[in-house]
S.K.: 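First the structure, which I've put down as structure tokens, then a few questions once you've had a look.
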Amino acid sequence: MKILKRTFYERDTAVVAQELVGKIIVRVIDKNTILQAMIVETEAYLGLHDPASHAYGGKRMRNAPLYGPVGHAYVYFTYGMYYCLNFVCRAPGIPAGGTLIRAVEPIAGIEYMEKKRHKHSIHGLTNGPGKLTQALSINRDLNGIDVTKKGSIYVIDALEIAKKDIVITTRVGISKAIDEKLRFYIKNNTFVSKK
DNA sequence: CACCCGATTATCT
DNA sequence: GATAATCGGGTGT
């Protein structure tokens, strides 16, 4: 399994968001605890001209990573209690952009994830952006980290998901640009978030 | 299953 | 002062 290179992230944000579906997030907690999960749902946030993007309206303290180098994590805190994970990606010349990871399917370290989520089963473990960060122990400490190098979090290549098995639809939980079809998920996958 | 609402705080207006 | 790229628990059907 190969780590996704920086060039993977250096393309149109919507294309990267779609192609991230099926890839695997590796989260290294410590030597004995290495979590793996396949990305099953993403959303593209296009940046400066996308009203729903945190990057909309220009660079500020919170959204700075979206303006930084591609292939890095952007982790933000929301609703007073949840973290959400993004990967910075955009075509050359575009000022900002990123992909929100909305849902993953656990592969390894499931017991650790259940413990973190205070659950006894895989049901509802990682089918939401706030849930998966809790399961994978993702917080502000990972904001800005390079995910193209082996470290505490990185992304590896995996199976190619056929285009016919990916659903493209509108984004969730936003109040602006609600008609843009920038959400991507694997058809018939039980770990995709509801709605 | 549908809808409603409270939790809790960083960030922006 | 309001809102937010959310979630889980509650009530009613």
Side-chain angles (χ1 to χ4, degrees), chain A residues 9 12-21 23 25 37 39-68 70 72-90 94-106 113-145 147 153 155 166-186 190-195:
Chain A
Y9 300 93
D12 181 80
T13 305
V15 171
V16 178
Q18 180 166 348
E19 289 192 17
L20 273 172
V21 173
K23 303 294 189 279
I25 296 173
I39 298 169
V40 299
E41 178 180 358
T42 65
E43 281 178 2
Y45 285 88
L46 305 185
L48 199 55
H49 305 296
D50 175 3
S53 171
H54 285 177
Y56 185 64
K59 184 175 172 180
R60 287 180 294 276
M61 183 79 87
R62 172 163 89 147
N63 64 23
L66 291 171
Y67 286 84
V70 299
H72 286 238
Y74 165 53
V75 179
Y76 68 87
F77 185 64
T78 192
Y79 287 101
M81 56 175 89
Y82 297 109
Y83 293 98
C84 289
L85 171 67
N86 297 249
F87 297 126
V88 181
C89 56
R90 71 184 100 91
I94 303 295
T99 293
L100 169 70
I101 308 304
R102 280 198 62 85
V104 298
E105 176 173 333
M113 297 184 205
E114 287 175 346
K115 206 169 179 179
K116 277 279 175 183
R117 294 267 301 126
H118 310 290
K119 293 210 174 252
H120 299 289
S121 88
I122 202 165
H123 182 71
L125 202 57
T126 55
N127 62 338
K131 297 181 187 180
L132 71 93
T133 52
Q134 192 178 9
L136 300 179
S137 194
I138 289 167
N139 54 49
R140 274 263 158 93
D141 294 348
L142 300 182
N143 192 31
I145 278 187
V147 299
I153 184 168
V155 187
I166 293 184
V167 180
I168 304 177
T169 183
T170 52
R171 295 176 289 185
V172 175
I174 54 172
S175 58
K176 294 168 186 169
I178 57 174
D179 295 327
E180 298 280 350
K181 292 190 167 53
L182 293 170
R183 176 179 176 222
F184 309 91
Y185 64 87
I186 300 183
T190 51
F191 291 93
V192 167
S193 73
K194 312 297 173 206
K195 195 166 164 189

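Just the heavy atoms: all of them, side chains too, but no hydrogens, waters or symmetry mates, feed the values below. Just so you know, these numbers come straight off a predicted model, no measurement behind them. Lettering of chains follows the sequences in order, A, B, ..., and the numbering in each one begins at 1.
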S.K.: For A/Arg183, answer base if it contacts any base atom (sugar-phosphate contacts may also be present), sugar-phosphate if it contacts only those atoms, and nothing otherwise; contact means non-hydrogen atoms under 4.0 Å.
M.R.: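 If one applies the 4.0 Å heavy-atom cut-off, A/Arg183 turns out to touch nothing in the nucleic acid.
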
S.K.: Just how far, in rounded Å, is P of C/dT6 from CD of A/Glu43?
M.R.: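 After rounding, the reported distance stands at 8 Å.
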
S.K.: Would you mind reading off the distance between A/Ile138 atom CD1 and C/dA5 atom P, rounded to a whole angstrom?
M.R.: 18 Å

S.K.: Hey, does A/Arg102 reach any base, or is it just sugar-phosphate, or nothing, if we go heavy atoms under 4.0 Å?
M.R.: sugar-phosphate

S.K.: According to a 3.5 Å limit on both distances, what stems of 3 or more consecutive Watson-Crick or G-U pairs are formed with DNA chain C?
M.R.: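 When the pairs of DNA chain C are grouped into runs of at least three, the stems are B:1-7 with C:6-12, B:9-12 with C:1-4.
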
S.K.: Between C/dA5 atom P and A/Leu66 atom CG, what is the distance in whole Å?
M.R.: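 One finds 12 Å between P of C/dA5 and CG of A/Leu66, rounded.
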
S.K.: Is the shortest side-chain heavy-atom distance between A/Thr170 and A/Lys181 below 4.5 Å?
M.R.: yes

S.K.: Could I get the full list of side chain to side chain donor-acceptor pair (under 3.5 Å) partners for A/Arg102, not counting sequence neighbours?
M.R.: A/Glu41, A/Ser193

S.K.: Report which part of the nucleic acid A/Ile174 touches: base, sugar-phosphate, or nothing (heavy-atom distance under 4.0 Å, all strands).
M.R.: sugar-phosphate

S.K.: Rounded to whole Å, please give me the gap between CG in A/Asn63 and P in C/dA5.
M.R.: 12 Å

S.K.: Send over the distance from A/Ile178 CD1 to C/dA4 C1', rounded to a whole Å.
M.R.: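 So the two atoms are 16 Å apart, to the nearest Å.
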
S.K.: With a 4.0 angstrom cut-off to heavy atoms of chain A, pull out the first and last contacting nucleotide of DNA chain B, in 5'-to-3' order.
M.R.: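 With heavy atoms of chain A under 4.0 Å away, the range is B/dA7 to B/dC12.
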
S.K.: Going by heavy atoms closer than 4.0 Å, what residues in residues 119-133 of chain A are next to DNA chain B?
M.R.: none

S.K.: Which parts of residues 74-82 of chain A get close to DNA chain B, meaning a heavy atom less than 4.0 angstrom away?
M.R.: A/Phe77, A/Tyr79, A/Gly80, A/Met81

S.K.: What is the minimum heavy-atom distance between A/Leu66 and A/Val88, and which atoms define it?
M.R.: O-CG1, 4.0 Å

S.K.: What residues from residues 45-57 of chain A pass a heavy-atom cutoff of under 4.0 Å to DNA chain C?
M.R.: A/Tyr45, A/Ala52, A/His54

S.K.: Which atom names give the shortest non-hydrogen contact between A/Tyr45 and A/Ser53, and what distance separates them?
M.R.: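 Closest approach of A/Tyr45 to A/Ser53, heavy atoms only: CD2-CA, 3.8 Å.
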
